[in-house]
Student: 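This is the structure, below, for whatever I ask next.
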Amino acid sequence: MNVLVIGNGGREHALVWKIARSRRVKRVFCAPGNAGTAADGENVPIAADDIASLVQFAKQNQVQLTVVGPEAPLAAGIVDAFEREKLRIFGPTKAAAELESSKAFCKEVLRSASVPTAEHHVFRSAESAIRFLQEREDMPIVVKADGLAAGKGVFVCERRQEAIDAVRQIGQDKIFGPAGDRIVIEERLHGQEASVLAITDGRTLVTLPPAQDHKRAYDGDTGPNTGGMGAYSPTPLVDEKQLGWIEEHILVPTIHAMKRIRRPFRGVLYAGLMLTHQGPKVLEYNVRFGDPECQPILMRLQSDLLDVLEAAASGDLDRIEPLEWDPRPAVCVVMASEGYPGNYTKGHPIRGLAEAAQVPDVKVFHAGTTLKDGQVVTSGGRVLGVTALGSNIPLAKLQAYTAVKCIRWDGAWCRKDISDKAASL
Ligand code: AMP
Ligand code: GLY
């Protein structure tokens with residue numbers, strides 16, 4: 001069958017690569033894709049948010065399954081548009097995607113399902129949020145824009161004044177536009193963070209092995225927040241027993257709550273968790289694969305991903321055999337452009353990709369890359385996700401950094417400590 005993957009990041013390259021290995025696949029398209037998806041599949045020059053053109057492309061090219069990578073088209077209703085045309089698509093409807101696109105809605109669902117999460121309040125104006133902050137004691141607190149803000153809408157504040165400034169930026173200066181029409185203020189939680197993702201058809205849930213992202217730019221979790229500088233899976237921070245607990249007390253009740261309010265959830269339910277002393281609590285839900293978590297997770301998957309995604313999209317996930325995984329862990333190191341997550345330049349030729357590809361048990365997933373005159377050049381902030389398997393986490397890490405050393409371009413950099421948190425237990 002023909003499959004269409006939507007998006008152009010490292011997550012989408014991993015999806016294209018894995019789907020292309022399915023025994024049932026004929027052609028894998030990626031819209032708009034990057035230099036990596038062009039090598040493992042076929043790129044289509046349609047933007048991820050051009051829903052009408054994507055529908056048309058799917059119809060004209062006998063696409064039997066579409067898989068959506070990023071959140072923006074989901075929040076814009078791409079699944080509803082495809083389903084109206086009787087086209088099969090993997091992902092949540094617009095109403096269900098609100099779990100990610102509105103933090104206030106997400107909190108309501110969590111509360112109604114009795115899922116552990118931080119205490120919170122929602123405000124419709126900056127003034128009311130500031131009054132609330134002034135009336136309570138000066139203590140650490142978290143301020144969030146309600147809507148999508150490309151991962152930048154969260155301010156973890158030490159002091160009241162910092163929180164008030166964050167409220168002003170979100171609610172008055174509208175730095176995130178209408179995403180700041182509502183403001184969520186939350187108790188600050190402490191602990192290690194982990195990502196637990198599950199594929200679901202709205203009834204059956206297939207939980208994937210836990211992963212850990214590295215959101216801060218620099219070593220030792222310092223510097224500004226990024227889209228994620230690296231990830232590894234499985235993380236020993238969540239053991240089998242705890243994963244079972246998370247499934248039972250977090251994921252399943254959420255799926256049930258969504259069904260109850262007539263927004264049945266299909267797709268990837270991704271719980272961003274804080275592992276607190278009182279147990280795991282939900283920081284946020286995403287409604288898609290994590291980037292870069294998707295890369296190490298799919299690197300380990302031995303089952304046919306297409307079977308699972310198709311079954312989830314068709315509502316018969318209960319017929320799928322348990323997934324098989326490579327017993328070895330995988331580590332993904334993101335190589336970024338100089339200046340990222342701030343301003344950076346593009347168009348730098350990347351050298352050493354062929355050498356890196358020779359390193360055993362390594363796959364270099366592309367993110368911000370494009371082809372220019374037959375040469376792979378940089379085109380984004382996060383450029384590559386160098387992913388390796390190893391017989392334990394330190395060896396997987398070593399293998400990933402061995403491949404990283406082969407790759408060069410002007411200003412390339414990466415964190416040096418991806419997966420070290422696994423050893424801090
Ligand atoms: P979110 O987009 O809600 O996951 O927030 C982004 C990041 O902000 C998370 O990965 C955490 O590092 C941090 N964060 C969010 N909410 C809280 C909270 N209640 N307590 C502490 N840190 C938080
Ligand atoms: N890795 C974080 C995210 O995908 O949102």
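Ligands are counted one by one from 1 in listed order, and the atoms in each one are counted from 1 as well.
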Student: For His249, which residues count as a side chain to side chain donor-acceptor pair (under 3.5 Å) partner, sequence neighbours excluded?
Tutor: Trp245
Student: Tell me whether Glu158 is salt-bridged to Arg188, with the criterion being a basic N under 4.0 Å from an acidic carboxylate O.
Tutor: yes
Student: At less than 4.0 angstrom from any non-hydrogen atom of Gly290, what atoms of ligand 2 do you find?
Tutor: 4 (O)
Student: Between ligand 2 and Glu284, is the shortest N or O to N or O distance under 3.5 Å?
Tutor: no
Student: What residue and atom, counting heavy atoms only, is the protein's closest point to atom 20 (N) of ligand 1, and at what distance?
Tutor: Leu189 N, 2.8 Å
Student: Which residue and non-hydrogen atom of the protein lie closest to atom 5 (O) of ligand 1, and at what distance in Å?
Tutor: Val154 CG2, 3.4 Å
Student: Please examine the side chains of Lys363 and Asp40, heavy atoms only from C-beta on, and report whether any two atoms are closer than 4.5 Å.
Tutor: yes
Student: Does ligand 2 have any atom that is closer than 4.0 Å to a heavy atom of Gly228?
Tutor: no
Student: Determine, considering heavy atoms only, which of Glu293, Arg288, Lys215 sits nearest to atom 5 (O) of ligand 2.
Tutor: Arg288
Student: Give me the residue, atom name and distance of the protein heavy atom closest to atom 17 (C) of ligand 1.
Tutor: Leu283 CD2, 3.4 Å
Student: Going by the closest heavy atom to atom 16 (N) of ligand 1, which one wins out of Lys281, Lys144, Lys215, Glu284?
Tutor: Lys144
Student: Indicate the ring-plane relationship of His13 and His366, choosing parallel, tilted or perpendicular according to the 30° and 60° boundaries.
Tutor: perpendicular
Student: Tell me: protein heavy atom nearest atom 22 (N) of ligand 1, and distance?
Tutor: Met274 CE, 3.8 Å
Student: Asp146: what forms a salt bridge (Lys or Arg N to Asp or Glu O under 4.0 Å) with it, not counting sequence neighbours?
Tutor: Arg182
Student: State, to 0.1 Å, how close Ile183 and Gly171 come at their nearest heavy-atom pair, and which atoms those are.
Tutor: CD1-CA, 3.8 Å
Student: Among all protein heavy atoms, pick out the one at the shortest distance from atom 13 (C) of ligand 1; state its residue, atom name and that distance to 0.1 Å.
Tutor: Val156 CG2, 3.8 Å
Student: Does the plane of the ring in Phe123 sit parallel, tilted or perpendicular to the ring in Phe132? Use 30° and 60° as the thresholds.
Tutor: tilted
Student: Return the orientation label for the Phe57 and Phe29 ring planes: parallel under 30°, perpendicular over 60°, tilted otherwise.
Tutor: perpendicular
Student: Is the shortest distance from a heavy atom of His190 to ligand 1 less than 4.0 Å?
Tutor: no
Student: Return yes or no for this condition: an N or O of Arg11 is under 3.5 Å from an N or O of ligand 2.
Tutor: no
Student: Check whether any side-chain heavy atom of Phe265 lies under 4.5 Å from a side-chain heavy atom of Arg263, and answer yes or no.
Tutor: no
Student: Which is closest to atom 9 (C) of ligand 1 in terms of heavy atoms, Glu187, Glu193, Glu100, Lys152?
Tutor: Glu193
Student: Got a donor-acceptor contact below 3.5 angstrom from the Arg266 side chain to the Ala313 backbone?
Tutor: yes
Student: Are the side chains of Lys103 and Glu186 in touch, meaning some heavy atoms are under 4.5 Å apart?
Tutor: no
Student: What protein heavy atom sits nearest atom 19 (N) of ligand 1, and how far off is it?
Tutor: Glu186 OE1, 2.7 Å
Student: Considering only heavy atoms of Asn286, which atoms of ligand 2 have at least one such atom less than 4.0 Å away?
Tutor: 5 (O)
Student: Counting from 1, what ligand 1 atoms have a heavy atom of Arg188 closer than 4.0 Å?
Tutor: 20 (N), 21 (C)
Student: By number and element, which atoms of ligand 2 are closer than 4.0 Å to a non-hydrogen atom of Asp213?
Tutor: 1 (N), 2 (C)
